[in-house]
Amino acid sequence: MNAPAKVSDRLSATGTANALELRNVSKYFGALAALEDINITVRPGERRAVLGSNGAGKTTLFNCVTGDFLATTGNIRFFGEDISEFPPHERIRRGLRRTYQISLLFTGLSVRDNIYLSCVGVSRRRFSFLRPRRDDALMAAADNLVDVVHLTDDRDTLVSNLSYGQQRQLEIAMALAGAPRFILFDEPAAGLSPTERRELVDILNGLPGHMGYIIIEHDMDVALRVAESVTMMHNGRIFKEGKPAEIEEDPEVQALYLGGDDG
Amino acid sequence: MRRFVDRHPLWSVIIFAVVAVLLWMIFAVWPDWLTDAIGRKKVFLNALFNGITLGGLYFLVASGFTLIFGLMRNVNLAHGSLYLLGGYVGYLTADATGMWLLAFPAAFIVVGAFGVLLQIFVFRRMEGEDLRQTLVTIGISIVMADLMLWAWGGDFYNISPPEWLSGPMQTFFVTSVKRSGELVYMKYPMVRLVIFAASIVVGVGMWLLLNRTRIGMLIRAGVDDRDMLSATGARIQLVFVAVFAFGAGLAGVAGVVGGTFQSVAPGEDVRFLLASLVVVIVGGMGSIPGAALGALLIGLAEQFGSVYFPTYAVVLTFLIMVVVLAFRPQGLMGRN
Amino acid sequence: MALIENTPAAIDAVERRSLFERIPAAYWLVGFVLLVMPTFASPFVLFQIFGWTFILGIIALSLMFLGGYGGMVSLAQMTFAGSAGYMLAIFGPSAITDISMNWPWYIAIPLALALAVLFGTLTGWLAVRTAGIYTIMITLAIAAAFFYFTRQNYTIFNGFSGFNGVLPPKLFGVDWRGSTAFYYLTLFWATLCYFAVLYLSRSPFGLALQGVRDNQRRMSALGYNANAHRVAAYAFAALLAGIGGILLTWQSAQISPGTAGIGPAIDILVIAVIGGLRHPVGAFIGAFIYVILKTFALDALVAVGLSGERFQLLIGLGFLVIVFWSPDGILGLWAKWRDSRGKDPLRDRGGDTP
């Protein structure tokens, strides 16, 4: 599988409601507006890139969707369900996932235990007092994810001993645990070498077709290869939406963003 | 105030009604049915006054605790020991010089100086390690309790106020009406009223200091955002020491007050540490007005409890804490 | 890409087999000595020193579980223990026949433990509503409330004097307060609780708890309800403390407000910290040191010309020294020493997540 498959193919697999629907979402920190009146609709299986300079509100947007912060106003629907008031874990259990810009990993645990922990988090075994058995299904699922993000050789390595690029890959694996329906990737390519970026693009394009995502990405090159639509943000507002090609060619966008800053 | 009414109309009505009933109970001559129901007005007024003045004492102890916590995020579990130390120092001073008033500056200076030593030699060395600091303060309180027991034994000491303050004072609150129609006014120990007035002065003074002076602004900035304070330069350590000394000194002064109201004895350290804890949990950590409100509530609860339901007086205090924690975990005046 | 296919089952099998072999002889030796102790130790040593060590160790273990794995330092563990002891005295037999219901042990004990767990759960529910250092203040206040309540209430808790004559049942015809029997009884429960905590630390619940301790936000983003895990940890810790509390009540055959006062509550913290909060074994090391000090400090203090009453001073100073120079307690010192001597499988298994 290379470039994203046709959207229509995936749509049929996942019902009719939109995967993610933000209506008039704003977030204020005191008097400072981090997000103002955001409206976004993402169809199931759609893969979208969010671009914008630092401070445009991209990560705040993610935090509002996952519930790390509550939005000040507006509402958020996830596959038709209003999740605006849900605590983060309730949103995650409904199939939403995210990665963090700065890796938040459990550095004292091995790669596999980190992924196992994320598999358990969305399973019914969260409170299990019993250690995993030899044929534990979740452990097998974790091992499978280790392979998906190409960390097989480092399965039992402590996370603190991983390279930066490997930690980013692990971060992605943790977002893939369970049965995600939609994922928010927060700058997964930041700080990666060209080789690692290629690997990342492979991983993203290798995800099953029904799994939609939003990816925050500065690198146009990566963004255009993994997304089929683009949202431009500027100063907490949505500035432009469209197909990658349209955005790339838009003179306003070029003036504002692509012109000066390419990394 | 206005915003509170707008935001919580129901609560405002309830609070208003409670205050109105209280005021009526304080100023009116009680009808017989009320006396039959809850006893004589004199008992009620005494409990009220005792509660309020005890609240003043609790405020003195807890405001230092909450100030130190607010600025330095240090839960000083040796605060009760500072209180007790202040009590002993005050007793020694008053006993040696015969001057009650001298006990206050003596306790303030000695305990404040002790606070400076604690800040410099203990807390500064463990900055940012909340848990370790708290554990150290527990260790210090164990050691101090035993050293004080060693030095002063298990006896009860009472710091007696001077002549002009001892004895009752006639207030303008009517407790009952004699058959002849003559009004009976309530008598109340002068020293308690004076000390209460003094604690209000201290409270208002602290509030002014925090809200109207540069040092106060610096401290409040530090409470809000410690990084901001460190960005203002090297004086932060000086501010820390000053606040710690002041908070500790207040605890020392409170010890003298407590020794005058009640007595100085082993075990009082734990009692007043717990009182401060409950007061700041109820009022909101780091908030001076919160400490005042919490102290008043706890003082009243304790006194009314001991008069009207003696078995569960102490439990009532903790019940208030549990209810506050359940519905407003950050405390009544605390911020989210 | 992996060239060798290692199934998880195969890895686990390897780990399991080698773990058994990797346990050094010293651990087998400790186990053996503890088992044969009654053949050479005096009744006083068995009942007073070791019995008490195991009991305090279990209660401190409950704090180690909460603090070490959950990051919540509770001062209410002795209170949970005390509440279990009180419930045992109320539902089971005691010399206060007006209050005690004298129900059989198989009802009284589970009921006592269940109520202790309930109490712990409620306390946890309150405590987790605020974070970090507040926990210590809230649990201290709850411990004080329990102490004052039991002291003032005469209808249920029999006030100041509490209950005496709370004896263990004569199960299998054994007098369980006999020194040897009591030694084995406490050893059994201490071992069970110790391995339960050790086992739990690597179960999904234990791992999640440590995850919540290290990074609550991350755990929420993985679908965990952090506070639910914390409350559950309180419940489990209260169960451990309750077991300790029942044994403690049997040992002294009485329970009174002073058993679960503020002093004992702080003693449990001292024990756990002195031993080290990083590993379950720290609780028992701390308890052993505490018991030895408490038992022999009097003679030692008198020998150096001080009054025996200065025990608290000694404990307080010891505690201060430990928190000042080795925040990880005796285990921390031990770990430093071990570092030069290679890995140790029992120390290496839980709670070390930074």
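Residue numbers start from 1 in every chain, and the chains themselves are labelled A, B, ... in the order their sequence lines are given, proteins ahead of strands.
In this structure, the portions of L313(C) lying under 4.5 Å from any heavy atom of chain B include both its backbone and its side chain. Within the 4.5 angstrom heavy-atom criterion, atoms from both the backbone and the side chain of V136(B) approach chain C. With a 4.5 angstrom heavy-atom cutoff, L140(C) touches chain B via backbone and side-chain atoms both. Interface residue F319(C): only side-chain heavy atoms are found under 4.5 Å from chain B. For V321(C), no part sits under 4.5 Å from any heavy atom of chain B, backbone or side chain. Contact annotation for V273(C): only side-chain heavy atoms (C-beta onward) come within less than 4.5 Å of a heavy atom of chain B.
Within the 4.5 Å cutoff, the side chain of I142(B) has heavy atoms near those of the V270(C) side chain. For the pair I322(C) and L135(B), the minimum side-chain heavy-atom distance is 4.5 Å or more.
Counting non-hydrogen atoms of other residues, nucleotides and ligands closer than 6.0 Å to CZ of F160(C) gives a total of 12 or fewer. Other residues, nucleotides and ligands contribute only 12 or fewer heavy atoms inside 6.0 Å of the CZ atom of R125(B).
Taken to the nearest 0.5 Å, the CZ atom of R328(B) stands 12.0 Å off from the CZ atom of R129(C). Atom CG of L75(C) and atom OG1 of T134(B) lie 10.0 Å apart (nearest 0.5 Å). Atoms CZ and OH, from F318(B) and Y148(C) in turn, are 6.5 Å apart once rounded to the nearest 0.5 Å. We find the CD-CE distance between Q312(C) and M144(B) to be 15.0 Å, quoted to the nearest 0.5 Å. With rounding to the nearest 0.5 angstrom, the CD1 atom of I266(C) is 5.5 Å from the CD1 atom of I138(B). Between I142(C) atom CD1 and M321(B) atom CE the span is 5.0 Å, to the nearest 0.5 Å.
For the pairing with V143(B), the side chain to side chain contact (heavy atoms under 4.5 Å, CB included) check across I315(C), L314(C), L317(C) returns one residue only, L317(C).
For the options I140(B), T317(B), V278(B), heavy-atom pairs under 4.5 Å to chain C are most numerous at I140(B). Of the listed residues A145(C), G159(C), G318(C), G316(C), the one with more heavy-atom pairs under 4.5 angstrom with chain B than any other is A145(C). Across L319(B), I281(B), V280(B), the residue that shares the most heavy-atom pairs under 4.5 angstrom with chain C is I281(B).
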